[in-house]
Amino acid sequence: MGLSADFWIELAGMAIVFCLVIVAIPKYRAHKVNTALAHRLRVEISDNIKFVLPNIADTSVQRLDANGRLSNDSTALKIGLHQLDSVMGRAEVLYSEERDRVARFRNGFHALIARYDAGELLSDMTEDLILLGERIILDLKENGLLSTIGR
């Protein structure tokens, strides 16, 4: 009783398919995990930018304290920058264009805080940063990644 060549070919084919499935399962899982992490990170970035945009807009208005001196309180801005920095520490799961755009926003935000603390009126820089932040949020919405704040 000998086994035919067709049997061995079919058995080898099934073994190859089984091996491919075994190899593909961890890669598929890793892809799903990275996709979920990227989605969550995009939501966090969107929420953070929405949170800081009103504070950024306030930097273009000069405010006087009770003694009539110029008041430059950048505490809210620094908190927003710290939150954005902590989110950007996990940005390796994002596409490079997303990382670059958010990094540009972060760098501009950092420069805005430094100039604001120096007492400069920053209407042009503020406007550019707000437009960039709104563009980032719109891009995330176009991808179907709506955040939880201010829908």
Side-chain angles (χ1 to χ4, degrees), residues 6-63 70-151:
D6 289 340
F7 170 78
W8 290 110
I9 292 172
E10 288 176 11
L11 184 63
M14 286 190 284
I16 289 171
V17 169
F18 181 72
C19 289
L20 289 175
V21 168
I22 295 298
V23 168
I25 287 173
K27 291 184 183 215
Y28 176 75
R29 279 185 166 170
H31 171 71
K32 290 306 258 181
V33 166
N34 283 340
T35 301
L37 288 173
H39 177 76
R40 214 170 315 141
L41 188 60
R42 288 179 184 109
V43 169
E44 285 183 52
I45 288 170
S46 175
D47 289 347
N48 187 275
I49 290 174
K50 283 180 183 179
F51 177 75
V52 299
L53 284 180
N55 295 330
I56 291 172
D58 282 346
T59 62
S60 63
V61 178
Q62 289 184 342
R63 301 190 192 286
L70 194 61
S71 172
N72 287 345
D73 185 17
S74 62
T75 306
L77 294 171
K78 290 177 182 174
I79 289 171
L81 180 62
H82 177 69
Q83 289 173 341
L84 189 59
D85 284 342
S86 68
V87 169
M88 287 302 292
R90 303 183 313 254
E92 69 275 353
V93 295
L94 298 177
Y95 295 122
S96 62
E97 304 89 35
E98 292 172 323
R99 272 194 314 265
D100 293 344
R101 185 171 284 158
V102 176
R104 265 197 339 248
F105 179 82
R106 188 204 152 282
N107 292 339
F109 192 23
H110 184 59
L112 176 103
I113 291 172
R115 290 183 58 194
Y116 183 69
D117 284 342
E120 298 179 32
L121 187 61
L122 309 164
S123 57
D124 290 344
M125 188 177 199
T126 300
E127 189 174 317
D128 292 342
L129 199 56
I130 288 172
L131 289 174
L132 179 59
E134 288 174 347
R135 180 65 191 164
I136 291 169
I137 293 168
L138 284 175
D139 286 346
L140 294 176
K141 285 184 180 181
E142 286 174 5
N143 292 331
L145 304 170
L146 297 174
S147 65
T148 56
I149 295 177
R151 287 188 188 192

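Positions are given from 1 along the sequence.
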Side chain to side chain donor-acceptor pair (under 3.5 Å) involving R135 - partner list, sequence neighbours excluded: D139
Side chain to side chain contact (heavy atoms under 4.5 Å, CB included) partners of L20, counting only residues at least two apart: I16
CG-NE2 distance between L84 and H110, expressed to the nearest 0.5 angstrom: 12.0 Å
Minimum heavy-atom distance between I137 and L53, given as atom pair plus value: CD1-CD1, 4.1 Å
Side chain to side chain contact (heavy atoms under 4.5 Å, CB included) evaluation trace for D117 with K78: CA-CA 11 Å; D117 284 342; K78 290 177 182 174; 3.3 Å; yes
Inter-residue atom distance R104.CZ - I136.CD1, 0.5 Å rounding: 7.5 Å
Residues which pass side chain to side chain contact (heavy atoms under 4.5 Å, CB included) with D85, listed by chain and number, not counting sequence neighbours: L81, R106
Point-to-point distance, once rounded to the nearest 0.5 Å, from CG of D128 to CZ of F105: 12.0 Å
Shortest non-hydrogen contact between A76 and N55, atoms and distance: CB-ND2, 3.7 Å
Minimum heavy-atom distance between M125 and L112, given as atom pair plus value: CE-N, 3.5 Å
Any residue meeting side chain to side chain contact (heavy atoms under 4.5 Å, CB included) with F7, in chain and number order, not counting sequence neighbours: L3, S4, L11
For the student: nearest non-hydrogen atoms of L77 and F109, plus distance: O-CZ, 3.3 Å
Acceptor/donor pairs from residues 90-97 side chains to any protein atom, 3.5 angstrom cut, sequence neighbours excluded:
residue : atom : partner : partner atom : Å
R90     : NH2  : E44     : OE1          : 2.6
R90     : NH2  : E44     : OE2          : 2.9

Inter-residue atom distance I45.CD1 - Q83.CD, 0.5 Å rounding: 12.5 Å
Within residues 8-35 or reaching into it, pairs that qualify as side chain to side chain donor-acceptor pair (under 3.5 Å) - sequence neighbours excluded: none
